[in-house]
Enquirer: 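Here's a structure for you.
Values below: every heavy atom of this structure, side chains too, minus hydrogens, waters and symmetry copies. Because the structure is predicted, anything quoted here is derived from the model rather than measured. Along the sequence shown, the residues carry numbers beginning at 1.
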Amino acid sequence: MEFTTTIKDMMMKIKTLVVIATLLSFNTFADESTDTEQTSAIQPVTTKIALNKADAEQLSTLKGIGVKKAQAIILYRQQMGEFQTLEDLLNVKGIGKKVLADNQAVLML
């Protein structure tokens, strides 16, 4: 009887350790993802993109701007001259108010 109780006690301790180890591993992964999310959310945008000077690669990093829209911005700039205001970006086909609003903080002339 005592032997059975000892085995039951050991099994219970093993189960408890497995649960604790599992919780700790989940907590570690959760901490890592939270740290990454917090870091990216906290990092300020230190580099602005000059609308009148940026190349297609730089422009395509903007939210809602892919390679084709970046090329359209450059083509517009070549044909019409430099942008006088950020709102002039709305004259480029495919660029709407939402795209401008989403990127206004990182754009400059």
Enquirer: Output every pair passing ring-ring contact (aromatic ring centres under 6.0 Å, His included) with a member in residues 81-102, not counting sequence neighbours, ordered by first then second residue.
Expert: Y76-F83
Enquirer: Which heavy-atom pair separates V99 from G64 by the least distance, and what is that distance?
Expert: CG2-O, 4.3 Å
Enquirer: Which atom pair, heavy atoms only, marks the closest approach of A70 to S60?
Expert: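 Closest pair (atom of A70, atom of S60, distance): CB-N, 4.0 Å.
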Enquirer: Using side-chain heavy atoms (C-beta onward) and a distance below 4.5 Å, is Q78 in contact with L75?
Expert: yes
Enquirer: Does any part of the side chain of L86, heavy atoms only, come nearer than 4.5 Å to the side chain of Q104, both counted from C-beta?
Expert: yes
Enquirer: With side chains defined as the heavy atoms from C-beta onward, is the minimum distance between I95 and I65 less than 4.5 Å?
Expert: yes
Enquirer: side-chain contact (heavy atoms from CB on, under 4.5 Å) for I49 and N103? Distances and angles first, verdict last.
Expert: CA-CA 10 Å; I49 295 177; N103 295 295; over 6 Å; no
Enquirer: Taking all non-hydrogen atoms of both residues, which atom of D55 and which atom of I74 are closest, and how far apart?
Expert: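 Minimum heavy-atom contact is C-CD1, 3.7 Å.
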Enquirer: Using a 4.5 Å cut-off on heavy atoms from C-beta on, say whether the side chain of V106 contacts that of T61.
Expert: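 Heavy-atom side-chain distance check fails, nothing below 4.5 Å.
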Enquirer: Once side chain to side chain contact (heavy atoms under 4.5 Å, CB included) is applied, do any residues pair with A50, and if so which ones, sequence neighbours excluded?
Expert: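 Once residues adjacent in sequence are excluded, the partners of A50 under the side chain to side chain contact (heavy atoms under 4.5 Å, CB included) criterion are K53, M108.
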Enquirer: Check whether any side-chain heavy atom of V92 lies under 4.5 Å from a side-chain heavy atom of K69, and answer yes or no.
Expert: no
Enquirer: Quick one: does R77's side chain get under 4.5 Å of N52's, heavy atoms only?
Expert: yes
